Amino acid sequence: MQPMRPAERFARALLRHGVEYLFGQSNPPSLTLAAADLGIEQIGYRQENAGTYMADGYARATGKVPVVTAQNGPAATLLVAGLAECLSASIPIVAIVQDVGPRARDRNAFQELDQLELFKGVAKWIKRIDIADRIEDYVDMAFAAAASGRPGPAVLLVSMELLADSEERPPAPRRMRLGHYPLDRTQADPQRIAEAAVLIANARAPIVYAGGGVIGSGAQQELRALQEGAHLPVATSTMGKGGVDETHPLSIGVIGYYMAARGMTRFAKPLITEADVILLIGNRTNQNGTDSWKLLPRDASYIHIDIDPLEIGRNYEALRLTGDAKLTLSALNATLAACELTRRREGRAALEATIAASKLRHREEIATVTRSDAAPIRPERFMAELEQQLADDHIVVADASFSSIWVANYLTAKGRRRFITPRGQAGLGWGFPLAMGARLGNPATPVVCIVGDGGFGHVWSELETAKRHGIRVVIAVMNNAVLGYQLHSEDAFLGRHTNVCKFEPVDHAAIARACGVQGIRLEKAQDTARVIREALATDESVLIDVIADPQAMPPVPVFSRLPNY
């Protein structure tokens with residue numbers, strides 16, 4: 001209870017919650033220095049938006065609540081995109097944002113902005129603190145808000161006058177550590193769990209559709225136990241990829257709006273459309289994950305497990321199992337174990353045969369692109385080579401747009417392999433910083449990142465950040481010199497495309513080398529395996545500049561209208 005200045009008390013509170021890093025750019029400086037004195041390292045991003053993406057990746061990969069900091073004014077506005085992703089994707093993050101003090105407020109102070117209004121649409125909780133006596137209270141509230149219930153962003157606006165105060169006072173005697181999530185686990189009503197078990201046991205053709213809430217809850221083992229014990233086929237959303245092992249004979253794969261030609265679950269689609277009972281777990285039933293709400297049958301009976309009661313029944317009326325996925329699945333497994341599951345057991349062999357046949361047809365359909373020696377290189381060929389060299393514990397990160405679709409369809413979730421994709425808002429530019437944050441949180445685990453040249457152009461500057469902080473990531477840039485999704489969708493819908501869809505040639509390997517990062521230009525498909533092997537074996541960050549085919553399109557139905565699909 002030694003007296004401390006306000007900045008020191010802030011830093012001490014962060015340390016109590018297990019904070020290891022501040023993703024920041026030295027603002028607020030007194031807090032940054034006080035945190036450094038306690039061993040909390042600052043990861044100095046080059047732009048604030050990338051700082052939130054790094055924090056996001058760190059949270060997803062560790063289950064810890066990260067902290068991003070920013071100056072008031074224009075710097076604060078650059079946090080908005082990252083916080084929006086975290087809000088949609090249920091990722092906890094605490095943003096500590098410098099604010100003008102009460103004596104300067106509403107006087108057109110330098111970079112003054114109504115930051116309470118600024119963050120309203122992208123945060124669960126926003127508060128301002130001006131007085132020292134409440135420092136520990138507000139820091140604790142911010143972490144509790146971020147990590148409890150449905151996780152998401154909390155924003156604490158900190159007065160510059162408070163942080164400049166040199167008066168020393170004893171901190172509040174608090175001991176709770178709130179820097180992890182889920183913070184509080186709740187279980188759904190046992191009576192409704194019993195009803196769900198009966199529905200599943202007696203169903204003609206049930207399926208499980210698992211979303212990102214399974215990963216956020218850490219419920220992978222419970223989901224895998226449900227799959228095996230109740231003989232249930234499991235499909236996942238893109239964010240739910242990794243919830244089950246996709247080599248399991250009852251794993252369908254990733255479903256949603258990209259189940260057209262060469263999609264991994266194209267031939268398994270009848271399992272979805274003909275299901276009579278669908279168990280949704282941590283699933284927002286959003287537009288992409290349901291193919292604009294056309295994929296899942298309307299006449300099926302739905303059961304929905306979710307921590308957020310407002311998500312249950314949003315798009316599909318369901319038996320409500322409101323609670324944490326891990327606890328609720330555990331209880332459901334126990335209840336099902338006492339049920340008569342003869343129908344499930346007897347139907348398993350035929351079900352496994354159907355899934356195996358769909359996977360075989362998929363492998364046959366994609367053989368021409370995964371083995372192609374064409375130049376420019378087919379992304380599918382690169383992904384197939386990468387799949388052969390990934391370990392079962394790799395972390396794979398993708399940017400939005402085509403990158404997420406290549407990863408979802410052409411890499412396999414197996415073992416402890418993790419997949420991180422920005423599908424909350426699906427904005428471009430997330431991939432590389434997400435990967436950096438994931439590696440910071442798991443320094444001993446290899447991280448591979450797949451990005452397009454359009455998205456990577458948002459965050460080139462963070463190559464220097466990776467070099468400066470010694471963050472090792474393998475980045476593969478699909479360099480096709482186009483905004484692929486934009487160009488091909490405009491051509492498909494409108495018959496022509498706008499003038500910004502094509503870029504001038506860029507040598508990303510040279511950019512990497514200019515930042516002190518190893519850069520490799522990959523132009524021949526025959527060199528792919530060797531280049532990947534060399535990159536994975538290197539003890540520093542490596543960028544592979546894949547000269548990719550601009551006409552290569554992932555399995556999105558609208559692209560089938562195009563003659564070169």
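The structure displayed is predicted, hence computed values, not measured ones. Starting from 1, each residue takes its place in the sequence as its number.
- Counting non-hydrogen atoms of neighbouring residues, nucleotides and ligands closer than 6.0 angstrom, the CZ atom of Arg561 exceeds 12 such neighbours.
- The structure places CD of Gln42 at 13.0 Å from OH of Tyr21, a figure rounded to the nearest 0.5 Å.
- Inter-residue side-chain proximity for Arg314 and His304 is flagged as unmet; no heavy-atom pair is nearer than 4.5 Å.
- Inter-residue side-chain proximity for Met383 and Glu380 is flagged as unmet; no heavy-atom pair is nearer than 4.5 Å.
- Residues Ser217 and Arg185 bring a donor and an acceptor atom of their side chains to less than 3.5 Å of each other.
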Exercise. Step by step, work out the side chain to side chain donor-acceptor pair (under 3.5 Å) result for Ser88 and Gln425.
Key: CA-CA 7 Å; Ser88 296; Gln425 288 290 314; 2.7 Å; yes
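- Not a single donor-acceptor pair under 3.5 Å links the side chain of Asp56 to the backbone N or O of Thr52.
- Glu490 and Thr498 share a side-chain donor-acceptor pair at under 3.5 Å.
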Quiz item: So Asp453 and Val506, side chain to side chain contact (heavy atoms under 4.5 Å, CB included) or not? Walk me through it.
Solution: CA-CA 9 Å; Asp453 53 347; Val506 174; over 6 Å; no
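- Listed for the Tyr258 side chain is no donor-acceptor partner under 3.5 Å among the backbone atoms of Ala408.
- At least one side-chain heavy atom of Arg521 sits less than 4.5 Å from a side-chain heavy atom of Asp507.
- Gln389 and Glu385 share no donor-acceptor pair across their side chains, judged by distance under 3.5 Å alone.
- Residues Glu311 and Arg284 are not paired through a salt bridge, judged by the lack of any N-O separation under 4.0 Å between the basic side chain and the carboxylate.
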Distance-only criterion, 3.5 Å: show the donor-acceptor pairs between side-chain atoms of residues 552-560 and protein atoms not counting sequence neighbours.
unit_1, atom_1, unit_2, atom_2, d
Ser560, OG, Pro557, O, 2.5

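- Interatomic distance, Leu280 CG to Ile207 CD1, rounded to the nearest 0.5 Å: 8.0 Å.
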Practice problem: For side chain to side chain contact (heavy atoms under 4.5 Å, CB included), just list the numbers for Ile420 and Ile395, CA-CA rounded to whole Å, side-chain angles, deciding distance to a tenth of an Å, and then say yes or no. | Solution: CA-CA 8 Å; Ile420 299 175; Ile395 297 174; 4.0 Å; yes
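- Leu296 contributes atom CG, which lies 10.0 Å from atom OG1 of Thr273 (distance to the nearest 0.5 angstrom).
- Arg417 approaches Thr412 most closely through the heavy-atom pair NH1-O, 2.8 Å.
- The shortest non-hydrogen separation linking Val451 to Phe432 is CG1-N, 4.0 Å.
- Looking at Ile91 and Glu85, their side chains never come closer than 4.5 Å, going by heavy atoms from C-beta outward.
- The minimum heavy-atom distance between Ala525 and Ala374, with the atom names listed, is CB-O, 4.2 Å.
- For the residue pair Tyr58/Glu20, the side-chain donor-acceptor check at 3.5 Å is satisfied.
- With a 6.0 Å radius and a threshold of 12 heavy atoms from other residues, nucleotides or ligands, Lys414 has its NZ atom above the threshold.
- Under a 3.5 Å cut-off, the side chain of Ser401 and the backbone N or O of Gly455 do not form any donor-acceptor pair.
- In this structure, the separation between CG on Leu483 and CG on Leu428 is 7.0 Å, given to the nearest 0.5 Å.
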Practice problem: Just do the side chain to side chain contact (heavy atoms under 4.5 Å, CB included) check on Met239 and Arg60 with the steps written out, would you? | Solution: CA-CA 11 Å; Met239 282 186 61; Arg60 297 190 202 212; 3.9 Å; yes
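- Distance alone, capped at 3.5 Å, is enough to place a donor-acceptor pair between the Asp399 side chain and the Trp430 backbone.
- Between Ile43 and Leu440 there is a side-chain heavy-atom pair separated by less than 4.5 Å.
- Here the side chains of Val517 and Glu540 are not in contact, with every heavy-atom distance at 4.5 Å or above.
- Checked by atom type and distance alone, the side chain of Asn479 never pairs as donor or acceptor with a backbone atom of Val546 at under 3.5 Å.
- Counting only heavy atoms from C-beta outward, the side chains of Leu386 and Leu390 approach each other to under 4.5 Å.
- Judged by distance alone, with hydrogens and angles left aside, the side-chain atoms of His488 form a donor-acceptor pair with the main-chain N or O of Pro550 at under 3.5 Å.
- By the 4.0 Å N-to-carboxylate-O rule, Arg468 lies close enough to Glu464 to be salt-bridged with it.
- Judged by distance alone, with hydrogens and angles left aside, the side-chain atoms of His469 form no donor-acceptor pair with the main-chain N or O of Ala466 at under 3.5 Å.
- Residue Gly240 comes nearest to Ile215 through the heavy atom pair O-CD1, 4.1 Å, listed as atom of the first residue, atom of the second, then distance.
- In terms of heavy atoms, Thr421 sits closest to Thr238 at OG1-CG2, 3.7 Å.
- In this structure, Ser489 contributes its side chain and Gln486 its backbone to a donor-acceptor pair below 3.5 Å.
- For the residue pair Val65 and Ala147, the shortest heavy atom distance occurs at CG2-CB, 3.9 Å.
- By the 6.0 Å and 45° rule, Arg262 stacks over the aromatic ring of Tyr565.
- Separating the CG atom in Leu226 from the CD1 atom in Ile281 is a distance of 6.0 Å, to the nearest 0.5 Å.
- The closest donor-acceptor contact from the side chain of Thr62 to the backbone of Lys64 lies under 3.5 Å.
- Side-chain atoms of Arg46 do not come within 3.5 Å of backbone N or O of Glu462 as any donor-acceptor pair.
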Exercise. Might you work through the side chain to side chain contact (heavy atoms under 4.5 Å, CB included) test for Ile544 and Val477, ending with a clear yes or no?
Key: CA-CA 6 Å; Ile544 305 172; Val477 181; over 6 Å; no
Using residues 244-256 as the side-chain source, report each donor-acceptor pair under 3.5 Å to any protein atom, sequence neighbours left out, with the distance given to one decimal.
unit_1, atom_1, unit_2, atom_2, d
Asp245, OD1, Thr247, N, 2.8
Asp245, OD1, Thr247, OG1, 2.5
Asp245, OD2, Gly415, N, 3.1
Glu246, OE1, Lys241, NZ, 2.9
Glu246, OE1, Ala413, N, 3.0
Glu246, OE2, Lys241, NZ, 3.0
His248, ND1, Leu250, N, 2.9
His248, NE2, Glu228, OE1, 2.8
Ser251, OG, Gln227, NE2, 3.0
Ser251, OG, Asp245, O, 2.6

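- Note that CG of Leu87 is 13.0 Å distant from CZ of Phe119, once rounded to the nearest 0.5 Å.
- Ile307 meets the side chain to side chain contact (heavy atoms under 4.5 Å, CB included) test with Arg150, Thr186, Asp324; sequence neighbours excluded.
- In this structure the side chain of Phe419 reaches within 4.5 angstrom of the side chain of Leu411, judged on heavy atoms.
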